[in-house]
There are 2 protein chains.
Amino acid sequence: MNFDAITIRDIARELHLSVSTVSKALRDSYEISDKTKKLVLEYAQKNNYRPNPMAQSLKKGHSKSIGIVVSSIDNQFFSQVINGMESEAYSQGYNVIITQSHESWDLEVQNVNHLTHRAIDGLLISLSTETNDVEHLKKLQSQGLPIVFFDRVSNEIDTHKVIVDNLKGAYEATMHLINSGYKHIAHITSSAITSVSSERLSGYKKALEDSGMEVDDRYIKFCTHGGQAMSEIQQALQELLDLEVKPDAILTAWDRITTSTLSLLHKFNIKIPQEIALLGFTNTLLADVLNPSLTAVQQPAFEIGRKATEMLLSIINSKRPVTEFETVVLPTELFIRNSTARQIAVK
Amino acid sequence: MNFDAITIRDIARELHLSVSTVSKALRDSYEISDKTKKLVLEYAQKNNYRPNPMAQSLKKGHSKSIGIVVSSIDNQFFSQVINGMESEAYSQGYNVIITQSHESWDLEVQNVNHLTHRAIDGLLISLSTETNDVEHLKKLQSQGLPIVFFDRVSNEIDTHKVIVDNLKGAYEATMHLINSGYKHIAHITSSAITSVSSERLSGYKKALEDSGMEVDDRYIKFCTHGGQAMSEIQQALQELLDLEVKPDAILTAWDRITTSTLSLLHKFNIKIPQEIALLGFTNTLLADVLNPSLTAVQQPAFEIGRKATEMLLSIINSKRPVTEFETVVLPTELFIRNSTARQIAVK
DNA sequence: AGGGCTAACTAAAACGTTTGCGTAAAAATT
DNA sequence: AATTTTTACGCAAACGTTTTAGTTAGCCCT
């Protein structure tokens, strides 16, 4: 393929000017006369000149783009987060490069390496469920790459973080179930490694304890692959259904687990909420029109993304090394719908 | 921010070698002795050397990344398409840069300009609903940027394209409604400009005609903003409901229009399919668990993305200019669920 | 012994910019 | 008129690589 792109050198030759004059004219330098500027600008315009971004990046020492690692783009939570990131990044003249870890540590490392070092000016990352070793990120940070965590954070790395109040979100959700009269509330979550899971689990447990209810480990199921595989959720659900006392409500802690559980309950012909109520963390825009409409803990995804990006750019643009880091905690919101409707009476 | 990244020059100085020797050693050139290679490799490893991708890109004349423009990432169709693109691109050592046009021509142009010219080696684009002027893309193509269209294509530009058989998809969908006994089938689609809309509209009309039914323009509604705004869909729907003979079925032609229409029908308390049946183009993974489960025309989104990327990379890697272009047409699939269930009898 | 080979390396140019410094001419100041 | 200042431009180095074209030193061969 031949890219017959016009360069600053071509303009210079054609206009009988020096390369530096052209460069300065294009950047509207005070050193250049209006006449020359006009000449150069018009020629550039006419010939559709566009500066080579690689040359600029190389020269300037930054790429004006930031890397994003999420587990999966087709998760509405993450796509909303990305919308927020894109919005903030664009408004500050930055580009985003999105990669997916698909909940795999290997892929996460590979993506980070791919993005890494000067191809990006900073990294926004939500850890994969598999990740408990963050050496790869530590090394990058120590080499000066600004990193901001969002959603699934690591407490082994000191940097800005944007999370939601997972404990409170799960607490309120569980309380809602308890107040609705449910007695045997199960919890399906992801791998216990992630910050998000353990916080939500704590919220769930605290609500039970505060209500004088017993925490029974048999009602708590972990899906180590973050619910990427339907099979692991199916197994978890099956085990719950096989208990001598079946749960009458389920709190699902992850977007994908929530929707998959809903699907499986349909598949098993279990009436929601009559037989089992369902309450899940999810950001799907379709919660209202699901069958039944789904009581959900929703996260301010756009704002998470926006805020994380704002913080990352503040590190990137900081004159001196940033050593004071901040963790922003945003609130979740509980939307009560039919999937947890209290059973007034059996119709 | 200071990036104390190590360069090839640092290695050379430290090892008392020349820059070129180090470069060649790293690239495993036959000109370098095994001893030296080992030395360099070990030093590089230990000091976590990583080639500066910008310098490499500048030198090599390509960036090993491709640009993607879609209308919106939080549309499951597009996120699945992107998964396919990412998969193919990664397997060939390419990176993807994703941007969203949000159905706006202005943003589309801005994104393309941002990505454009040497920051990317090629472009994968699905036009925004607003777009009917493709001069910006023509210009880029004429300058040598490889472009592949998918989903929403322009026939003013000659290049590879990947689409689905929209006419057949809409035809089969409409036929399903007709065969289920629906008599007044409405069609809500996007702007008539897009290839996709007009093809689906044709399929809808053809099915009616082939069945001896009249095509009544009052039953066809256009949402010029591609359904980004709920309000325009609401208005379209309201107009349909205000007709003296209300439609008993609606075929929605776009993902977002489909889910929004479902929401609105709920809001208006209209029973699906008893009062109005709904059949829509959508790739949501939740079609099965919607209320009611949704009869849907689904597109092979992953494959669309994969194929488009494969074709783009074939242009990029082609030794000589490509002049023969191909349009790949993939089949859609109709999933029949409850939202169009034939009304055997009124319960 | 002289020429030709080869192996292993180096020097330098190039990719397209940006930028600090230098400088000639024009303008302003003495 | 002589000096200084300003204006408007050019030169060349630099960013970190890759690559072409040398350049040594040692070896083999007749």
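Any value given below was found using the heavy atoms of this structure, including those in side chains, with hydrogens, waters and symmetry copies removed. Residue numbering restarts at 1 for every chain, and letters A, B, ... go by the order of the sequence lines.
- Side chains of Asn111(B) and Gln100(B): a donor-acceptor N/O pair is absent below 3.5 angstrom, by distance only.
- One axis for each end of the helix from dA1(C)-dT30(D) to dT30(C)-dA1(D), each built from five base pairs, and the angle between them comes to 60° at 10° resolution.
- Nearest-nucleotide mapping onto DNA chain C: of Leu58(B) and Leu17(B), the residue sitting toward the 5' end is Leu17(B).
- Using a 4.5 Å cut-off on side-chain heavy atoms (C-beta onward), Val69(A) and Val112(A) make contact.
- For dG10(D), the OP1/OP2 oxygens have a side-chain nitrogen or oxygen of Ser18(A) closer than 4.0 Å.
- Between Ile11(A) atom CD1 and dG10(D) atom P there is a gap of 14 Å when expressed in whole angstrom units.
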Derivation and outcome, side chain to side chain contact (heavy atoms under 4.5 Å, CB included), residues Asp10(B) and Tyr49(B): CA-CA 10 Å; Asp10(B) 298 328; Tyr49(B) 167 78; over 6 Å; no
Side chain to side chain contact (heavy atoms under 4.5 Å, CB included) assessment of Met85(B) paired with Ile98(B): CA-CA 10 Å; Met85(B) 292 175 167; Ile98(B) 302 164; over 6 Å; no
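- Remark: C1' of dG16(C) and CG of Asn52(A) are 6 Å apart, rounded to the nearest angstrom.
- The nearest whole Å value for the distance from the CZ atom in Arg9(A) to the P atom in dA14(C) is 9 Å.
- OP1 and OP2 of dC15(C) both lie 4.0 Å or more from every side-chain N or O belonging to Ser57(B).
- Following rounding to the nearest Å, Lys35(A) (NZ) and dT7(D) (P) show an atom-to-atom distance of 16 Å.
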Candidate pair Thr36(B) and Thr21(B), rule side chain to side chain contact (heavy atoms under 4.5 Å, CB included), full reasoning: CA-CA 9 Å; Thr36(B) 308; Thr21(B) 304; 4.1 Å; yes
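- Lys24(A) places none of its side-chain heavy atoms less than 4.5 Å from the side chain of Lys37(A).
- Distance check, rounded to the nearest 0.5 Å: OG of Ser79(A) to CD1 of Ile73(B) gives 7.0 Å.
- Protein atom CD1 of Ile32(A) is 13 Å distant from nucleotide atom P of dC11(D), rounded to whole Å.
- Donor-acceptor pairing under 3.5 Å is recorded for the side chains of Ser126(A) and Asp151(A).
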List every contact pair, protein side and nucleotides 25-27 of chain D side both N or O, where the distance is under 3.5 Å.
none

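- Comment: Lys307(A) does not engage Glu326(A) in a salt bridge, judged by the lack of any side-chain N to carboxylate O separation of less than 4.0 angstrom.
- Note: CZ (Arg13(A)) to P (dG16(C)) measures 11 Å, nearest angstrom.
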Mark up nucleotides 18-25 of chain C, 5' to 3', with B wherever a protein heavy atom is under 4.0 angstrom from a base atom, S wherever such an atom reaches only the sugar-phosphate, and - elsewhere. BBBB----
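- In this entry the distance linking NZ of Lys38(A) with C1' of dA8(D) reads 18 Å, nearest Å.
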So Ser104(A) and Ser101(A), side chain to side chain donor-acceptor pair (under 3.5 Å) or not? Walk me through it. CA-CA 6 Å; Ser104(A) 145; Ser101(A) 69; over 6 Å; no
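- Donor-acceptor pairing under 3.5 Å is lacking for the side chains of Glu103(B) and Ser128(B).
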